[in-house]
Amino acid sequence: LKLVNGKIKNAIGETKEITIQNAVIEKIDIDDEVTVTISHALEEYDGREFTLASDATVKKNGADTDFGSVYEGDTVKLTVRYGVIQTVVATSTRKTAEGTIQGIYISSRPSIEVKVNGSVETYSVTNDVEITINGEDATLYDFRVGDLVKITLESKAVTKLSATSVQASNGKLEGTVTAINQSIGFIK
């Protein structure tokens, strides 16, 4: 409602149920309730935030799933009743990239900054991310800034993170020492 001198000048309303197609999930917040912020080509929907119904129906890439498998960057079709999302039909894109870790943020919703082709991108890390170093299972804590990694992305979320080595890895090397320079800490 737009009021002028205490009187209604303009009223704008929505039908009780709307369907929003071709929206992109920009942000997912999980506090007491799950809220979703979307971006959209239409100004009326761009930047809007909706609450997710606890019994919402979710499909992703054609399969029934739960909302935990919907990620930021997914393209969605939402059915919203009185401002609450009732159904989500999501589609994701998958790609791989290689880059250098610029930052790791450990939290209830972890994320990682990776420099790929000269551009630093921030990606959320999924709860069920597959992490390997030298082919062995690892955790996000095993990586350091500067490590070269290969990431598998589903939209803007990392689902697989791997490296052939990391800066602070412990290991064992066997061989013959051919040169030592103690003053600069060099061994060959």
Side-chain angles (χ1 to χ4, degrees), residues 20-30 34-43 45-50 52 58-63 65-78 85 88-173 184-188:
I20 304 169
Q21 296 194 40
N22 299 318
V24 175
I25 295 182
E26 288 299 316
K27 186 177 176 186
I28 299 172
D29 282 322
I30 302 173
V34 178
T35 58
V36 176
T37 305
I38 63 169
S39 64
H40 199 277
L42 296 176
E43 187 178 326
Y45 299 128
D46 192 41
R48 294 226 9 221
E49 181 180 292
F50 299 99
L52 181 72
V58 180
K59 283 190 175 212
K60 183 164 182 181
N61 297 329
T65 187
D66 60 24
F67 194 73
S69 65
V70 176
Y71 307 128
E72 292 173 359
D74 284 352
T75 301
V76 292
K77 173 184 172 184
L78 304 174
I85 299 170
V88 177
V89 178
T91 306
S92 63
T93 56
R94 293 186 181 163
K95 65 179 181 178
T96 59
E98 289 188 17
T100 306
I101 294 177
Q102 301 295 298
I104 302 170
Y105 304 97
I106 307 295
S107 67
S108 60
R109 306 263 311 161
S111 63
I112 187 169
E113 283 184 355
V114 181
K115 187 174 188 177
V116 179
N117 298 328
S119 175
V120 177
E121 298 289 336
T122 302
Y123 304 107
S124 60
V125 178
T126 64
N127 291 336
D128 58 349
V129 64
E130 182 183 323
I131 299 175
T132 58
I133 298 173
N134 297 325
E136 295 183 18
D137 289 343
T139 68
L140 202 53
Y141 296 103
D142 295 321
F143 290 100
R144 302 291 178 262
V145 170
D147 288 342
L148 181 64
V149 293
K150 181 177 181 180
I151 54 176
T152 301
L153 297 167
E154 190 169 321
S155 295
K156 291 183 181 176
V158 177
T159 57
K160 187 175 181 181
L161 181 62
S162 62
T164 53
S165 65
V166 295
Q167 292 177 359
S169 65
N170 293 325
K172 178 177 156 182
L173 294 174
I184 60 170
F186 174 80
I187 187 169
K188 181 177 178 183

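As the structure is a computational prediction, the values presented were derived from the model and not from experiment.
- Distance check: Thr37 OG1 to Arg48 CZ gives 11.0 Å after rounding to the nearest 0.5 Å.
- Residue-environment remark: CG (Asp66) exceeds the threshold of 12 foreign heavy atoms within 6.0 Å.
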query = Could you walk me through whether Lys156 and Glu26 pass the side-chain contact (heavy atoms from CB on, under 4.5 Å) check?
reply = CA-CA 9 Å; Lys156 291 183 181 176; Glu26 288 299 316; 4.0 Å; yes
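- No side-chain donor-acceptor contact under 3.5 Å links Ser155 to the backbone of Ala157.
- The two residues Asp46 and Ser39 make their nearest non-hydrogen contact at OD1-CA, 3.1 Å.
- Annotation: side chain of Phe67 is not in contact with side chain of Ile85 (no heavy-atom distance under 4.5 Å).
- In this view, Ile106 and Ile104, Leu140, Tyr141 satisfy the side chain to side chain contact (heavy atoms under 4.5 Å, CB included) rule, not counting sequence neighbours.
- Counting only heavy atoms from C-beta outward, the side chains of Ile131 and Asp142 never approach each other to under 4.5 Å.
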task = Start with the C-alpha gap between Ile28 and Arg109, add the side-chain angles, then the distance that decides, and say whether side-chain contact (heavy atoms from CB on, under 4.5 Å) holds.
result = CA-CA 10 Å; Ile28 299 172; Arg109 306 263 311 161; 3.9 Å; yes
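- Looking at every heavy atom in both residues, Thr65 comes nearest to Lys59 through CG2-C, 4.2 Å.
- Atom NZ in Lys95 sits 8.0 Å away from atom CD1 in Ile151 (nearest 0.5 Å).
- Judged by distance alone, the side chain of Asp74 and the main-chain N or O of Val76 form no donor-acceptor pair under 3.5 Å.
- The number of heavy atoms from other shown groups lying within 6.0 Å of CG (Asn127) does not exceed 12.
- Side-chain contact of Asp128 with Thr126: a donor-acceptor pair under 3.5 Å is present, judged by distance alone.
- Between Arg94 and Glu154 there is a salt bridge, since at least one side-chain N of the basic residue sits less than 4.0 Å from a carboxylate O of the acidic one.
- Proximity of Ile133 to Phe143: side-chain heavy atoms (C-beta onward) are separated by under 4.5 Å at one or more points.
- Between atom CD1 of residue Ile38 and atom CD1 of residue Ile20 there is a gap of 4.5 Å, rounded to the nearest 0.5 Å.
- Between the side chain of Lys60 and the backbone N or O of Ser69, at least one donor-acceptor pair lies under 3.5 Å.
- Between the Thr100 side chain and the Asp147 main chain, no donor and acceptor come within less than 3.5 Å of each other.
- Scanning both residues, Val116 and Ala97, for their nearest heavy atoms gives CG1-CB, 4.0 Å.
- The CZ atom of Phe50 lies 7.0 Å from the CG atom of Leu78; values are rounded to the nearest 0.5 Å.
- Note that the OG atom of Ser124 and the NZ atom of Lys27 stand 13.0 Å from one another [nearest 0.5 Å].
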task = With side-chain contact (heavy atoms from CB on, under 4.5 Å) as the test, would you mind laying out the steps for Thr122 and Glu113 before giving the verdict?
result = CA-CA 4 Å; Thr122 302; Glu113 283 184 355; 3.3 Å; yes
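- Listed for the Asp137 side chain is no donor-acceptor partner under 3.5 Å among the backbone atoms of Thr132.
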